[in-house]
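First up is the structure itself, then whatever we jot down about it.
Keep in mind it's a predicted model, so treat the numbers as computed, not measured.
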Amino acid sequence: MAEAADFQGTSPSPARRWLRRTGAVLAGTPLLTGLLQLPAASPAEAAAPAAPRAASDDGSVVVSVDSLTPGAPAEGDTVTVSGTVTNKGKKTVTDASVGLRAGSLLDTRSSIDTVAKNSDDIGSPVGAEIDDKYTEKFSKLTPGVSQPYTISVPADELDLGQDGVYDLSVTLTGETSDQPWEQTLGVRHTFLPWQPDEADTKTKTTFMWPLISTVHMTAETGSDEEQTPVFHDDELAEEISPGGRLDRMVTLGKDLDVTWVIDPDLLASVEAMTTRYEIPGENADDKNAVGGHQAVAKRWLTEVQKAVADKEVVALPFGDPDLASLAHHGTSVTGSLRHLKEATDVAAGTVESILHVTASTDFAWPVEGAVDPSIIKVSTSAGADKVITRGDTFEGGRDLTYTPTAPRPIGGGTTAVVADARLSTVFDGDMTRASASTQAVQRFLAQSLTLALQTDRPRSVVIAPQRTPSAAQAQTMAEAIGALQDSTWSQPQDLTAAAKSKPDPDAGTEVPPASAYPKSLRKQELPRSAFEQIARTQDKLDRFKVILSNPSRVVTPFGRALNRGMAASWRGRPAEAAIYRSGVETYLDTLSSQVRLIEKSDTKLSGRSATIPVTVQNNLVQGVEHLVLRLTSTNPTRLEIDGNAYEEQPIAVSGGHSQSVKFTTNANANGRATVVAQLYTQDGRPYGQPVTFDVKVTEITATVMLVIGGGVLLLVLAGFRMYTQRKRAAARQAEEREQENAADAADADAGDAKNPEASDRRPTQESAPDTREDAPEQPSDPAPDTAPESADPSGTGERVDR
């Protein structure tokens, strides 16, 4: 393995240091004569008394190193170490003393790992104390109480000797009541890189500075013209706020020579926050709350633009898809690689539109740099020709005694850029404690210098840290990079330049087999069901978008949401990932169901032909088109649709409207026929749920016509009879009145004969009316034969003739 190359070469001492030290040796030759039979020791070890014996209780005092400056001293510098000592035992420590001890030269990278692993082991060897005057005394250390210390030593007093990394120990010695002698009660080992003069051949170092977050945006957008985005939480606002993780990444990174590695989804999400955005309420029925961090989002994007100006920017595929999960579980699902291609295609444009810089999309970065042949194949399928791997998962070469340069040609025009594992992982873990942060910085510098001293060959070293460093980790990384950039053995280099540097012909180029892929990483991968759900959602989206008058309002947010469903950030969070993917699919189903057929009740059809209306409802904001409505009779023998078994009509409905379509039907026989209405896209795929209803056919026959005609005839005959009866009654009434008038006239004549004077009172011819001209009145003339016409309205139901 590449990381097994530990042997450090010996770099020559500068001339002036050689002369100074040679003179000192010659002056002390008589003294050295008697010491030739003694074991060899480092200068610091030879110049000081032996260390006190270790305590029998394995260190009752905890020693921390919270600060070491400068991290890589030069001649003339003063090394200052500060921290705390804490008595964790049960007895008070008296006559305590904190001192520095310069130990042996650590000439291999693995020896540095060993010291780091046992940094508080009081049984491990330590050098002699530098000088009693560079110590700090404590009369007593009470159990459970911490005491701070600070010790400053001129670098020249350390007398370190040749270039390399030295074990620098901080020890606490003292006595206890049951062990009243001087003993080592606590120790902390750290590292002191020493190369005061510029190296003839510097290592070119590339540090990847990642701007990546988890998924925050959903597929949902508002119905307004601006399509207000919806976030499933407001945690991104915390990350970009002053002091937040991403804010610290930008603030620290702007002053460093690093290559920015950015997920375009992060930029798109923050840009969406610069205007109005919504966050769902705690309850499903709550209205969305309006996010209020527009100013924070604008400020952060402005700071990113300033930070990346004139710097190299690498854009990952949109959403930072999990390439290993895709290779192991997604390639067998149709369409999965299509999403990776789309995510790659939009990456550069997204970065350029927001940051106004041109980003490279030539690099693929699998999780933790672990690869196998299938991961390499997937990584390059979308156009990337450089895959960032890591040395602990990639073959090193033919028993090399040094760490080879980063680029390795692996065939097919693809380059594996092998990041150094030790340098890449040194910042893992909790960096909130000052002691842990300081130790990480010193270990990073120690590994870098030891690597540089392995050979005089020019090499490019790439450092790929964790994808989402915490604020404390970012601070530690920045301190380490700053110290490295000021060092004498390293110089910064862009990632693209590192990938193009001359490969080492002795370095291994064989891609590890699938069996070598770490099991711990495989357990965290997205399952096949995740890619099947994404494919199912994509199929629904394809059916939905073809009917829309403005498909981009749906295709863009859902396409990006599907990319986010494959994100590497879902590793270790399977339940949250499943909820997110289901939310995307459910929301798409909700939108699709807004275009539907209105349910119909059973219909009665009288006659041989009629029309049946079917209504299409569109509750979307935009109009729908390119739809076909088909009405099908399941029993065309009884009921035909426009002379056939079915009829189709094109449909276009404006947003927020409904449209009814009429179909002509023809009945061939009485009875019940089932009819099915179904929407189809233009390519013949069913859209939405069908509507089924029954049509009851009732045909008008000759018997029915005879019955109706007979009824009309009876009504006419009944009316005629009523009319004749009324006429006969009127004639009888007139005859009775004439008989009554004749009887009255006869009675009057009999009265005149008995009373002659009564006849003189009768009207004369001038005063009496006469209906005949010049005709004298005759006693026998009858009264008028019709009564005056009544002005009252006729009775109900009575027919009145005029």
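Using modelled atom types and a 3.5 Å distance limit, the side chains of Gln493 and Ser460 yield a donor-acceptor pair. In summary, the side chains of Asp539 and Thr537 do not present any donor paired with an acceptor at a separation below 3.5 Å, with no hydrogens or angles considered. Counted by atom type alone, Thr228 and Glu278 present zero donor-acceptor pairs between their side chains at under 3.5 Å. For the 3.5 Å distance criterion, the side chains of Thr275 and Glu226 fail to qualify, holding no donor opposite an acceptor. Between the side chains of Glu239 and Ser213, a donor-acceptor pair is found at a separation under 3.5 Å. For Glu235 and His216, the side-chain atoms include no donor-acceptor pair closer than 3.5 Å. Side chains of Ser437 and Gln475: no donor on one and acceptor on the other come within 3.5 Å.
When the options Gln524, Arg528, Arg571, Met566 are evaluated for a side chain to side chain contact (heavy atoms under 4.5 Å, CB included) with Ser325, the one that passes is Arg571. When each of Glu238, Arg299, Glu303 is paired with Asp247, the side chain to side chain contact (heavy atoms under 4.5 Å, CB included) condition holds for Arg299 and for no other. Tested against Pro366 for a side chain to side chain contact (heavy atoms under 4.5 Å, CB included), the candidates Val371, Asp372, Thr389, Thr393 yield a single pass: Val371.
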**Request:** For Lys341 and Asp345, run salt bridge (charged side-chain N to carboxylate O under 4.0 Å, His left out): C-alpha distance rounded to whole Å, both residues' side-chain angles, the deciding distance at 0.1 Å, then the answer.
**Result:** CA-CA 6 Å; Lys341 181 66 168 61; Asp345 291 343; 2.9 Å; yes

**Request:** Could you please spell out the steps behind the side-chain contact (heavy atoms from CB on, under 4.5 Å) verdict for Leu620 and Leu548?
**Result:** CA-CA 10 Å; Leu620 296 174; Leu548 302 176; 3.8 Å; yes

**Message:** Evaluate Thr203 against Ser490 for side-chain hydrogen bond (donor to acceptor under 3.5 Å, both in side chains), listing each step before the verdict.
**Reply:** CA-CA 5 Å; Thr203 302; Ser490 176; over 6 Å; no

**Message:** salt bridge (charged side-chain N to carboxylate O under 4.0 Å, His left out) for Asp420 and Arg422? Distances and angles first, verdict last.
**Reply:** CA-CA 6 Å; Asp420 186 85; Arg422 287 186 171 99; over 6 Å; no

**Request:** Show your reasoning for whether side-chain contact (heavy atoms from CB on, under 4.5 Å) applies to Leu267 and Val351.
**Result:** CA-CA 7 Å; Leu267 301 179; Val351 173; 4.0 Å; yes

**Request:** I would like to know whether Gln473 and Asp430 meet side-chain hydrogen bond (donor to acceptor under 3.5 Å, both in side chains); could you show each step before the answer?
**Result:** CA-CA 8 Å; Gln473 289 171 338; Asp430 182 12; over 6 Å; no

**Asked** Checking side-chain contact (heavy atoms from CB on, under 4.5 Å) for the pair Leu423/Phe207: CA distance, chi angles, key distance, verdict?
**Response** CA-CA 10 Å; Leu423 295 174; Phe207 202 103; over 6 Å; no

**Message:** For Ser374 and Val378: C-alpha separation, side-chain torsions, deciding distance, then whether side-chain contact (heavy atoms from CB on, under 4.5 Å) applies.
**Reply:** CA-CA 6 Å; Ser374 65; Val378 166; 5.7 Å; no

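Distance alone, capped at 3.5 Å, is enough to place a donor-acceptor pair between the Asp263 side chain and the Gly319 backbone. Panel note: side chain Gln466, backbone Phe427; a donor-acceptor pair is recorded below 3.5 Å. At distances below 3.5 Å, at least one donor-acceptor pair connects side-chain atoms of Thr380 with backbone N or O atoms of Lys377. At least one donor-acceptor pair closer than 3.5 Å links the side chain of Arg573 to the backbone N or O of Ser569. Between the Glu625 side chain and the Ser549 main chain, no donor and acceptor come within less than 3.5 Å of each other. Between the side chain of Thr302 and the backbone N or O of Lys298 there is at least one donor-acceptor pair closer than 3.5 Å. Distance alone, capped at 3.5 Å, is enough to place a donor-acceptor pair between the Trp300 side chain and the Leu246 backbone. Within the 3.5 Å criterion, the main-chain N or O of Asn550 finds no donor-acceptor partner in the side chain of Lys545. Side-chain N or O atoms of Glu220 include none that pairs as donor or acceptor with a backbone N or O of Pro229 at under 3.5 Å. Under the 3.5 Å distance criterion, the side-chain polar atoms of Asp494 are left unmatched by any main-chain donor or acceptor of Thr496.
Taking the six-membered ring for Trp and the full ring otherwise, the centers of Phe531 and His339 sit at least 6.0 Å from each other. Between Phe558 and Tyr587, the ring centre distance stays below 6.0 Å.
Under a cutoff of 6.0 Å and an axis angle of 45°, Arg467 and Trp365 form a cation-pi pair. With Phe318 as the aromatic partner, Arg560 meets the cation-pi criteria of under 6.0 angstrom to the ring centre and within 45 degrees of the ring axis.
Residues that satisfy the salt bridge (Lys or Arg N to Asp or Glu O under 4.0 Å) test with Arg338, not counting sequence neighbours, are Glu342, Asp542.
Separating the CD atom in Gln227 from the CZ atom in Arg553 is a distance of 4.0 Å, to the nearest 0.5 Å. Thr476 contributes atom OG1, which lies 11.5 Å from atom CG of Asp428 (distance to the nearest 0.5 angstrom). Note that NZ of Lys254 and NZ of Lys306 are 7.5 Å apart. Values are rounded to the nearest 0.5 Å. Rounded to the nearest 0.5 angstrom, Asp392 CG and Thr425 OG1 are separated by 7.0 Å.
The closest side-chain heavy-atom distance from Thr350 to Ile354 is below 4.5 Å. Within the 4.5 Å cutoff, no side-chain heavy atoms of Val314 are placed close to those of Met208. Leu301 has its side chain within reach of Thr274: a pair of non-hydrogen atoms, C-beta onward, lies under 4.5 Å apart. Between Thr415 and Arg408, every side-chain heavy-atom pair lies at or beyond the 4.5 Å cut-off. The shortest distance between side-chain heavy atoms of Phe544 and Pro551 does not fall below 4.5 Å.
A salt bridge does not link Asp224 to Arg276: none of the charged nitrogens lies less than 4.0 Å from a carboxylate oxygen.
Each ring pair (Phe, Tyr, Trp, His ring centres under 6.0 Å) pair with one or both residues in residues 236-256, not counting sequence neighbours, would appear here, but there are none. Sequence neighbours left out, the pairs with a member in residues 220-248 that pass ring pair (Phe, Tyr, Trp, His ring centres under 6.0 Å) are Phe231-Tyr277.
Ring geometry for Trp209 against Trp260 counts as perpendicular: the plane angle is over 60°, on a 0 to 90° scale with 30° as the lower cut.
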